[in-house]
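To start, the structure itself, in structure tokens.
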Protein chains: 2
Amino acid sequence: MDNLATLFKEKNLKLTPQRYAIYKFLKSTKSHPSAEMIYEALRPDFPTMSLATVYKTVKTLIELGLVQELNVGEDNFRFDANVANHPHIVCTKCGRVDDIEDAVFEHLNSEVENYTNYKVNTHKLYFYGICPKCQGS
Amino acid sequence: MDNLATLFKEKNLKLTPQRYAIYKFLKSTKSHPSAEMIYEALRPDFPTMSLATVYKTVKTLIELGLVQELNVGEDNFRFDANVANHPHIVCTKCGRVDDIEDAVFEHLNSEVENYTNYKVNTHKLYFYGICPKCQGS
DNA sequence: TATTTATAGATAATATTTTTCTACAAAGAA
DNA sequence: TTCTTTGTAGAAAAATATTATCTATAAATA
């Protein structure tokens, strides 16, 4: 939290209660919420906060490298405070999005370079399937 | 083209000039155009066609399994008439989107099942880097 | 030829995200 | 402490992407 304050100060940004709450919420969850979901989750504590503030804040957090943006194929973006590059998996039945932890696919970048003339820097991997809960039903 | 007519007939869909043109255009290009780009490309030949028709048509084509939808992380969707599951690579400098051909990553699905309790069915892989042209400049 | 049916295009609606503007509050200067 | 600067929250509007509704029409069928 203190390094967060320091980082904001370095960039001449103010660590307002709203920004702090949004970041803390993203850090606390693995649900990869959309802007709307963040807004709804914080509404009890910040009833006056506007959705525009959520959008502006996540954009700021992304620029600071504190949050990454996901695009699992919906019509909106989702956000993840785990900025380590890791694949995600989407349940095509209930829509939940989970991290695939401990799976390292960094070697794919150089593998891909064998098939293209691109200089490959990064990647985003989305897997789709049925989550344990939905398999039961 | 004939099997296209047959397929449409089977589904009680009409293969109108607009639909045919949109599909043919998607088949002819590897540029992975968005709805807007399709609309602009066909405007010279179909000046009266509306953007809504493009959206409705690509949706129809997707349902028929003739086109797939991409989401490279922009705020819009792109479309690809190559429905074989294949990874894509995005140039982060000029924005072009290329196929990664001949690279088969189907084995990743079962690999991912070792890390989650999901039943994995499919995936979408997006790589990001610098294309040959942009490397030169 | 008459009738049914699906669709194009116009328009409006909806959803998501961004921008503009203004008042305010925190930080720094006097 | 007081004044001043500066960045930000929130409201509202705008911009963008996408979908839905409605009607006239053209193709397919009877």
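Numbers restart at 1 for each chain; the letters A, B, ... are given by sequence-line order, proteins then strands. None of the values given here were measured: they were computed from a predicted structure.
- In terms of the side-chain hydrogen bond (donor to acceptor under 3.5 Å, both in side chains) criterion, A/Glu69 has no residue partners (sequence neighbours excluded).
- Residues satisfying the salt bridge (Lys or Arg N to Asp or Glu O under 4.0 Å) test with A/Glu36, not counting sequence neighbours, are none.
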Open item on the list: Strictly under 4.0 angstrom, non-hydrogen atoms only: write out the protein contact profile of nucleotides 1-17 of chain C, one letter per nucleotide from the 5' end, B, S or -.
Closed with: ----BBSBBS-----SB

Acceptor/donor pairs from residues 39-47 of chain A side chains to any protein atom, 3.5 angstrom cut, sequence neighbours excluded:
from: A/Glu40; atom 1: OE1; to: A/Arg43; atom 2: NH2; distance (Å): 3.3

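- Applying the side chain to side chain contact (heavy atoms under 4.5 Å, CB included) criterion to A/Thr116, with sequence neighbours excluded, gives A/Val112, A/Tyr118, B/Ile89, B/Ile100.
- Listed by chain and residue number, nothing satisfies the salt bridge (Lys or Arg N to Asp or Glu O under 4.0 Å) test with A/Glu63 (two or more places apart in sequence, or in another chain).
- Within the hydrophobic cluster formed by Ile, Leu, Val, Met, Phe, Trp and Tyr side chains joined at under 4.5 Å, directly or through other members, A/Val72 is accompanied by A/Leu70, A/Val90, A/Val97, A/Tyr126, A/Tyr128, B/Leu70, B/Val72, B/Val90, B/Val97, B/Tyr126, B/Tyr128.
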Sequence neighbours excluded and cut-off under 3.5 Å, please list the side-chain donor-acceptor pairs for residues 49-56 of chain A, or say none.
from: A/Ser50; atom 1: OG; to: A/Ala52; atom 2: N; distance (Å): 3.3
from: A/Ser50; atom 1: OG; to: A/Thr53; atom 2: N; distance (Å): 3.3
from: A/Ser50; atom 1: OG; to: A/Thr53; atom 2: OG1; distance (Å): 3.4

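- Listed by first then second residue, pairs satisfying salt bridge (charged side-chain N to carboxylate O under 4.0 Å, His left out) with a partner in residues 11-33 of chain B read B/Lys30-B/Glu101, not counting sequence neighbours.
- Note that the first and last nucleotides of DNA chain D, 5' to 3', having any atom under 4.0 angstrom from a heavy atom of chain B are D/dA17 to D/dA27.
- A side-chain donor from one of A/His88 and A/Asp99 sits under 3.5 Å from a side-chain acceptor of the other.
- Legend: residues meeting side chain to side chain contact (heavy atoms under 4.5 Å, CB included) with B/Lys119, ordered by chain and number and at least two apart, are A/Ile130, A/Gln135, B/Glu113, B/Asn121.
- Rounded to 10 degrees, the angle separating the terminal helix axes of the helix from C/dT1-D/dA30 to C/dA30-D/dT1, each built from five base pairs, is 20°.
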